[in-house]
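I have placed the structure first, in the form of structure tokens, so that the comments after it can refer back to it.
Below, chains carry the letters A, B, ... as their sequence lines are ordered, and counting in each starts from 1.
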Protein chains: 2
Amino acid sequence: MITMEEAEIRSNIIKAMGHPVRLMTIEFLKEGTRSFSEIFSLFTLDKSTVSKHLLVLKEAGIITSQKTGSDMIYRLEVPCVTDFFGCVTAVIENNVRRQQVCLCKR
Amino acid sequence: MITMEEAEIRSNIIKAMGHPVRLMTIEFLKEGTRSFSEIFSLFTLDKSTVSKHLLVLKEAGIITSQKTGSDMIYRLEVPCVTDFFGCVTAVIENNVRRQQVCLCKR
DNA sequence: TGCCTTGTTGGTAACAATACCAACAAACCA
DNA sequence: TGGTTTGTTGGTATTGTTACCAACAAGGCA
């Protein structure tokens, strides 16, 4: 079994992925490095909001950033995180199968 | 790319895993079905708090429950979620390597 | 029936997360 | 140099999450 302390560290990383904007960003960066403005243009959000989401991913160690010219370039540091999405899809399909589509409320 | 709506559904499932208590519970259920009282005794929390954490996992479709005698038995519905923990460990190790251990704040 | 045991639900207080706007800093360009 | 672009940081209002206690419901057993 895992200790409570361990669980806390792990959940911090998972929590960082638990937001639609951050999830989409990860998916986007899976295709390669992207600039801030490219990521920003995916959403209809204030630039400060996007910047803060990227900071959350950075602090979790999931992405890194690097200033290049006038652009800030973001990179997916640990691509294996996207492997997980297949399993998330399996959960969703299982929910649909069990007609519990609308139960995922958080 | 993934749509915003899709990202929302997925993030709901990931969010359900993003809490130490729920993460430990998933790890525990990986070993087999467990009763409420077995799960409850892992923590020093009020029973209502534990019950609510289990509800979150249920609503996400990650676990299921079934009344058996006087006990409520919980079961991990989609075991593949634990495959992900290996990658989370990779993130942690990468953070340590880059001396960013203390940056994972959420 | 009365009373444990087992777990869920409701209420609420404390805290965390998220969004916006405004202000700022750094680099680039005219 | 002065203005523009690019992104971050600070402040703050709103909303969401999590914990506790209390009350309840269902089942088992004296």
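For the 3.5 Å distance criterion, the side chains of A:S65 and A:K58 qualify, holding a donor opposite an acceptor.
Rounding to whole angstrom units, CD of residue A:E59 and P of C:dT18 are separated by 12 Å. Atom P of nucleotide C:dT18 and atom CG of A:L23 are separated by 13 Å, given to the nearest angstrom. Here C:dT18 presents its C1' atom at 13 Å from CD of B:E8, a figure rounded to the nearest Å. A:I63 places its CD1 atom 13 Å from the C1' atom of D:dG7, with the value rounded to the nearest Å. Rounded to whole angstrom, the span from the CZ atom of A:F40 across to the P atom of D:dT6 amounts to 11 Å. Rounding to whole angstrom units, CZ of residue A:F43 and P of C:dC20 are separated by 12 Å.
The aromatic rings of A:F84 and B:F84 sit parallel, their planes meeting at an angle under 30°, below the 60° perpendicular limit.
Side-chain nitrogen and oxygen atoms of A:H53 include none within less than 4.0 Å of the OP1 or OP2 phosphate oxygen of C:dA17. Taking only side-chain nitrogens and oxygens, A:H19 never comes nearer than 4.0 Å to OP1 or OP2 of D:dT17.
With a 4.5 Å cut-off on side-chain heavy atoms, A:V50 and A:F36 count as touching.
A:E31 CD: more than 12 foreign heavy atoms inside a 6.0 Å radius.
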Evaluation steps, salt bridge (Lys or Arg N to Asp or Glu O under 4.0 Å), between A:E6 and A:R10: CA-CA 6 Å; A:E6 266 266 325; A:R10 292 189 191 188; 3.2 Å; yes
Letter per nucleotide, 5' to 3', of nucleotides 4-12 of chain C [B base touched, S only sugar-phosphate touched, - untouched; heavy atoms, 4.0 Å]: --SBBBBB-
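Scanning both residues, A:A16 and A:I62, for their nearest heavy atoms gives CB-CD1, 4.1 Å.
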